[in-house]
2 protein chains.
Amino acid sequence: MNPPFNGSNLKNEAYIEVINKRPFTQVIELLQSAGLRPTRQRMALARILFNEGNRHVAAEDLHRDAKKANIRVSLATVYNTLHQFASAGLLREMVVEPGRAYFDTNLSSHHFFFEDTGNIEDIPDNLISISHLPKIPKGTALNRVDVVLRLRTSEQVKI
Amino acid sequence: MNPPFNGSNLKNEAYIEVINKRPFTQVIELLQSAGLRPTRQRMALARILFNEGNRHVAAEDLHRDAKKANIRVSLATVYNTLHQFASAGLLREMVVEPGRAYFDTNLSSHHFFFEDTGNIEDIPDNLISISHLPKIPKGTALNRVDVVLRLRTSEQVKI
DNA sequence: TTACATGCAAAGCATTTGCAGATAA
DNA sequence: TTATCTGCAAATGCTTTGCATGTAA
């Protein structure tokens with residue numbers, strides 16, 4: 001199966017360059033199985049997101065990375081794509097700072113948050129365990145548990 | 001000790017009305033012990049915040065409540081005040097939704113978040129316990145642990 | 001061909017800032 | 001009196017929207 005874009009179109013050179021790196025069939029399958037049309041932009045963004053380990057990106061970051069890779073996408077499309085990926089379950093939206101949304105390629109929901117730098121780091125699920133949970137209010141179901149360990153550069157040692 | 005404002009000033013009627021309800025000396029002491037000058041606006045906002053159990057407010061909410069109580073404060077001052085209270089340790093800033101900051105009068109850091117309504121509810125510290133924590137990265141200290149239990153109206157029962 | 005995706009610029013919010021005037025100590 | 005606080009409006013920064021154009025199926 002060939003990548004579904006017009007390979008002879010000059011405007012597509014950047015996409016060719018990106019998409020010709022393997023694995024690209026996986027990306028197409030990933031999008032298709034999520035019910036998303038594998039457009040050039042989505043494929044390119046998916047490759048940036050999923051091809052090198054876990055990432056935590058704000059829309060701005062991904063947009064910058066795309067530019068760096070010579071991929072022309074508008075910021076609005078990056079936002080749309082991130083939300084589409086998130087509702088398809090490919091990404092998890094996370095909230096650690098007011099005024100900025102991050103998306104995590106790792107679906108685990110536990111994180112270090114470095115307050116000084118704004119950096120985020122995953123905590124593998126097996127490294128954290130909650131032994132007691134409160135009763136879940138009637139009429140609701142637990143969707144997920146987010147744990148954020150907020151860190152400061154040490155000196156002031158607080159609990 | 002008298003409330004430190006000009007009681008004969010007509011503009012201050014609303015403040016008088018608010019502040020004359022007890023306890024106001026506590027509010028003054030609270031602010032002073034936090035190193036904050038007990039100005040009329042801060043006293044009025046502190047009373048709204050701390051005089052009736054635990055609250056989770058966005059700046060907009062507090063501003064609205066102040067208006068309802070006939071207190072004239074600008075939204076900018078509400079924002080400033082909330083942040084001042086938070087860095088003084090009187091409030092805790094919390095982030096559950098992108099694009100909006102909440103402040104919690106309860107310093108406990110665990111919450112239910114009702115995804116459908118946006119409501120927030122405290123979880124008493126003793127109802128949740130974390131039995132394993134990962135190693136804290138070198139050069140940093142754990143500032144706090146935030147746990148958010150995200151709830152949906154039940155039907156789709158997920159873990 | 002047709003429904004869906006994209007790009008751009010404009011609009012929308014929450015939040016912050018700058019500065020002149022007010023106020024607590 | 002002086003350092004600090006407040007109010008207003010403008011500025012900022014992130015995110016969403018509307019709509020014409022482009023593209024996948």
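Each chain gets a letter, A, B and so on, in the order the sequences are listed, and its residues count up from 1.
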Between [N] atom [atom2] and [X] atom [atom1], what is the distance in whole Å?
X: B:R100; N: C:dT16; atom1: CZ; atom2: C1'; result: 16 Å
X: B:L62; N: C:dT15; atom1: CG; atom2: C1'; result: 15 Å
X: B:L45; N: D:dC5; atom1: CG; atom2: P; result: 14 Å
X: A:H63; N: D:dG13; atom1: NE2; atom2: C1'; result: 15 Å
X: B:M43; N: D:dC5; atom1: CE; atom2: P; result: 13 Å
X: A:I71; N: C:dT6; atom1: CD1; atom2: C1'; result: 15 Å
X: A:L36; N: D:dA25; atom1: CG; atom2: P; result: 12 Å
X: B:E60; N: C:dT16; atom1: CD; atom2: P; result: 13 Å

Between [X] and [Y], is any pair of side-chain heavy atoms under 4.5 Å apart?
X: A:M94; Y: A:H56; result: yes
X: B:F50; Y: B:L90; result: yes
X: B:F85; Y: B:L49; result: yes
X: B:V95; Y: A:V96; result: no
X: A:R150; Y: A:F114; result: no

For B:R55, the option from B:D65, B:N106, B:T105 that meets side-chain hydrogen bond (donor to acceptor under 3.5 Å, both in side chains):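 Exactly one pass, corresponding to B:D65.
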Can you find a side chain N or O atom of [X] that sits less than 4.0 Å from OP1 or OP2 on [N]?
X: A:R40; N: C:dT6; answer: no
X: B:R72; N: D:dC8; answer: yes
X: B:Q41; N: C:dA22; answer: no
X: A:R42; N: C:dA5; answer: yes

Provide the closest heavy-atom pair for A:A66 versus A:I48 in the form atom of the first, atom of the second, distance.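 The answer is CA-CD1, 3.8 Å.
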Where is the tightest heavy-atom contact between A:L82 and A:A59, given as atom of each residue plus distance?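 Heavy atoms only, the tightest pair is CD1-CA, 3.6 Å.
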Between the two ends of the helix from C:dT1-D:dA25 to C:dA25-D:dT1, what is the bend in degrees, rounded to 10 degrees, where each end axis spans five pairs?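 About 30°, once rounded to a multiple of 10°.
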Taking for each residue the nucleotide of DNA chain D with the nearest heavy atom, is it A:A58 or B:T39 whose nucleotide lies nearer the 5' end?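 Closest to the 5' end, via its nearest nucleotide, is B:T39.
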So, under a plain 3.5 Å distance rule, would you say the side chain of A:R37 forms a donor-acceptor pair with the base of C:dC4?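 Such a pair exists between side chain and base.
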Sugar-phosphate only, base, or nothing, as touched by A:A101 at under 4.0 Å among non-hydrogen atoms: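 Sugar-phosphate, backbone atoms only, no base.
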Identified side chain to side chain contact (heavy atoms under 4.5 Å, CB included) counterpart of A:L31 within the set A:Q26, A:R37, A:Q84, A:M43: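 Of the listed options, the one satisfying the test is A:M43.
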Would the B:F103 and B:H83 ring centres measure less than 6.0 Å apart?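 Ring-ring flag for B:F103/B:H83: true, centres closer than 6.0 Å.
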For DNA chain D, find the residues of residues 75-98 of chain B with a heavy-atom distance under 4.0 Å and give them by number; none if there aren't any.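 Nucleic-acid contacts, sorted: B:A76, B:T77.
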